Peer 1: 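Got a structure for you, questions after.
Please read all numbers here as calculations on a predicted model, not as lab measurements.
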Amino acid sequence: MEMIKLALINLAMYGCSDINAYLKNALDPDELDLNNKVSIIMTNPPFGAEYPSEELENYRIVNQWSDKKPKKVNSEIIFLEKYLEWLKPDGYLICIVPDSILNNKGLYQALRKGLAEEVSIKAVISLPSHTFATAGTETKTSLLFLQKKKYDPSEKTYLAVCKNIGYDVVTSGTHKTKRYNDNSDLSAILQDYRQRTSTHGEWVTGLNDCLRWDATYHASISKKFLETVKAKGFLKIKDVAELSQERFNPARYEADKIFRYIEISDVDPIQMRAYGKEVRCDEAPSRARKLVHSDNVIFSTVRPERGTVAVIGTSQNNYICTTGFAVLETTVMEPMVLAYIMQSEFVVKQIGKYAMGISYPVIDEKDLMEIYLPITKEDIRKYDKKAIELKEKESEVIALRENFKKDISADITVDF
């Protein structure tokens, strides 16, 4: 009841006089029957809750759209299906959704596939992660605008990335507040949409047929950029390296057998080095599965925008790393060159296009291989000589450190 009171006060402050607000269970058809009755829905669906599939037998995400019956379904998925039922033919939905609705796999992909034939997606606008920070969440969200009508593959969808929302969020103790500024992309994005221009976004044909619907994937990298890199003959990661498929399963070995393990926190991204730790096979993390060799390049596919990358040294041959790394074997260039290029702004900006997830973005290894590098075939050997010199100098430094450590240890003769 408290939310109804707040809603009434808020609407009254905006000058609304004819207000009808009701406290109902939106998922109970006996309590709220809106099927095919609503012209416009403007909402932010509840998300984060889960419902057992036994309670959702009448939902198409359970009995029709999903390849196999799920055990649980997230609330945002249920409500998206429900909104479609409520809308009249040609009705509109304007909805703030977590980005998982637009780009995650599994049930989310099944939802998109189920909705695809029944809606026309008018626009998708990506919002900054701090948009709702003062409400207690920094979950990445987007605005989804669609119409309930049969999908027409020739129709275009407007997608844009809003980087500036018009305010910053500042923290004072445990309290977060908005600090408004004059730097907002929303007005320009709205004008772009109304005028059907592409100054701040991209118009995409056939979005419903795509695996992903998020603006980050379709509009964060401009068509002009793609045309430029193709014209210059820039190579992709897959043109200079291959994904290693070697695996290691600690469960197959004796419990007290020791192996060296590299996890993401063991990487020094400044020196491009990884440091392993000894782990017993019976205490191995479930993600300790990838075998690495000297000169492999390991790149963290979790939070990939951080550019956590390292080159495996000769002393780390046959170490085991977490499945959170993509393990690359360079084919035509020095590993150190590839590692440094993968930390460049040129690469990091592209990674944002492919990353999925609302709290901890992840990039699929296959998508990583599609990233362009700012080099051509003629540039491949350009930095190899310097990379080899750097590797030799680093080996000398490592040897000096070891000798220095031995000298100090030899001078310590105090008995305890």
Side-chain angles (χ1 to χ4, degrees), residues 44-48 50 61 65-67 70 73-81 83-84 93-132 137-146 151 156-163 189 201-223 226 300-306 324 326 347-371:
N44 176 10
F47 56 88
E50 291 182 328
I61 189 62
W65 293 344
S66 180
D67 292 334
V73 183
N74 287 348
S75 53
E76 60 267 31
I77 294 177
I78 299 170
F79 274 91
L80 258 293
E81 180 181 335
Y83 296 151
L84 186 65
L93 170 67
I94 303 172
C95 185
I96 300 294
V97 297
D99 276 13
S100 53
I101 287 287
L102 305 172
N103 60 29
N104 274 20
K105 298 180 181 179
L107 274 186
Y108 295 97
Q109 188 171 328
L111 173 70
R112 295 193 295 274
K113 188 176 180 181
L115 295 175
E117 290 299 320
E118 302 179 34
V119 300
S120 170
I121 306 174
K122 301 299 181 181
V124 180
I125 312 300
S126 172
L127 300 173
S129 59
H130 68 269
T131 301
F132 300 105
T137 178
E138 293 196 31
T139 296
K140 181 70 182 65
T141 58
S142 293
L143 185 149
L144 174 64
F145 176 32
L146 57 80
Y151 168 52
K156 291 186 176 182
T157 302
Y158 179 73
L159 301 106
V161 177
C162 175
K163 297 179 180 178
I189 288 173
E202 298 286 343
W203 289 91
V204 175
T205 302
L207 180 68
N208 297 41
D209 293 327
C210 297
L211 292 177
R212 294 176 58 166
W213 291 358
D214 54 312
T216 305
Y217 182 78
H218 293 278
S220 61
I221 302 297
S222 68
K223 291 180 180 178
L226 294 175
S300 174
T301 55
V302 181
R303 302 295 297 272
E305 75 283 357
R306 293 181 172 182
V347 169
V348 171
K349 282 190 174 182
Q350 293 177 75
I351 283 173
K353 167 185 172 73
Y354 294 101
M356 296 182 291
I358 56 178
S359 298
Y360 293 94
V362 177
I363 186 171
D364 188 276
E365 290 184 354
K366 292 181 180 178
D367 289 333
L368 179 67
M369 302 303 282
E370 297 296 325
I371 297 289

Peer 1: Looking only at non-hydrogen atoms, find the nearest pair between Val347 and Ile371 and report the distance.
Peer 2: CG1-CG2, 3.8 Å
Peer 1: Please find the pair of heavy atoms, one from Pro45 and one from Cys95, that lie closest to each other, and give the distance.
Peer 2: CD-SG, 3.3 Å
Peer 1: Give a yes or no on whether Lys122 atom NZ has more than 12 heavy-atom contacts from other residues, nucleotides or ligands under 6.0 Å away.
Peer 2: yes
Peer 1: With no hydrogens and no angle check, just 3.5 Å: does a side-chain donor-acceptor pair link Tyr158 and Glu202?
Peer 2: no
Peer 1: Verify side-chain contact (heavy atoms from CB on, under 4.5 Å) between Tyr108 and Asn103, making sure each step is shown before the conclusion.
Peer 2: CA-CA 7 Å; Tyr108 295 97; Asn103 60 29; over 6 Å; no
Peer 1: For Glu81 and Ile61, work out which heavy atoms get closest and say how close.
Peer 2: OE1-N, 3.1 Å
Peer 1: Treating Asn74 as the side-chain partner and Glu76 as the backbone partner, does any N or O pair qualify as donor plus acceptor under 3.5 Å?
Peer 2: no
Peer 1: Drop me the distance from Ser66's OG to Lys113's NZ, to the nearest 0.5 angstrom.
Peer 2: 10.5 Å
Peer 1: Write down the atom of Ala355, the atom of Pro361, and the distance for their closest heavy-atom approach.
Peer 2: CB-CB, 4.0 Å
Peer 1: Taking Gly324's backbone N and O only, do any of them form a donor-acceptor pair with Thr301's side chain (distance below 3.5 Å, no angle check)?
Peer 2: yes
Peer 1: Using only heavy-atom distances, determine whether the side chains of Thr216 and Lys140 contain a donor-acceptor pair under 3.5 Å.
Peer 2: no
Peer 1: Are Ile125 and Ser142 close enough, and set up right, to give a side-chain contact (heavy atoms from CB on, under 4.5 Å), and what steps lead you there?
Peer 2: CA-CA 5 Å; Ile125 312 300; Ser142 293; over 6 Å; no
Peer 1: Walk me through it: do Leu111 and Trp65 pass the test side-chain contact (heavy atoms from CB on, under 4.5 Å)?
Peer 2: CA-CA 7 Å; Leu111 173 70; Trp65 293 344; 3.7 Å; yes
Peer 1: Measure the CG-CG distance between Leu80 and Leu146 for me, rounded to the nearest 0.5 Å.
Peer 2: 7.5 Å
Peer 1: Report yes if the side chains of Phe145 and Leu143 come closer than 4.5 Å at any heavy-atom pair, otherwise no.
Peer 2: yes
Peer 1: Which heavy atom in Leu159 sits nearest to a heavy atom in Trp213, and how many Å separate them?
Peer 2: CD2-O, 3.6 Å
Peer 1: Cation-pi check, Lys353 to Tyr217: give yes when NZ or CZ is under 6.0 Å from the six-membered ring centre and within 45° of the ring axis, no otherwise.
Peer 2: yes
Peer 1: Taking only Lys NZ, Arg NE, NH1 and NH2, and the carboxylate oxygens of Asp or Glu, determine whether Arg212 and Asp214 approach each other closer than 4.0 Å.
Peer 2: yes
Peer 1: Write down the atom of Ala326, the atom of Leu368, and the distance for their closest heavy-atom approach.
Peer 2: CB-CD2, 3.7 Å
Peer 1: Drop me the distance from Ser300's OG to Ile363's CD1, to the nearest 0.5 angstrom.
Peer 2: 10.5 Å
Peer 1: I'd like to know whether Arg112 forms a side-chain contact (heavy atoms from CB on, under 4.5 Å) with Cys210, so could you lay out the CA-CA distance, the side-chain angles of the two residues, the decisive distance to 0.1 Å, and finally the verdict.
Peer 2: CA-CA 9 Å; Arg112 295 193 295 274; Cys210 297; over 6 Å; no
Peer 1: We want to know whether Tyr151 and Asp209 form a side-chain donor-acceptor pair, criterion being a heavy-atom distance below 3.5 angstrom.
Peer 2: yes
Peer 1: Side chains of Lys349 and Ile351: closer than 4.5 Å at any heavy-atom pair?
Peer 2: no
Peer 1: Please examine the side chains of Thr139 and Asp99, heavy atoms only from C-beta on, and report whether any two atoms are closer than 4.5 Å.
Peer 2: no
Peer 1: Just by modelled atom types, is the Val119 backbone N or O under 3.5 Å from a matching donor or acceptor in the Asn208 side chain?
Peer 2: yes
Peer 1: Are Asp364 and Tyr354 packed together at the side-chain level, in the sense that at least one heavy-atom pair is separated by less than 4.5 angstrom?
Peer 2: no
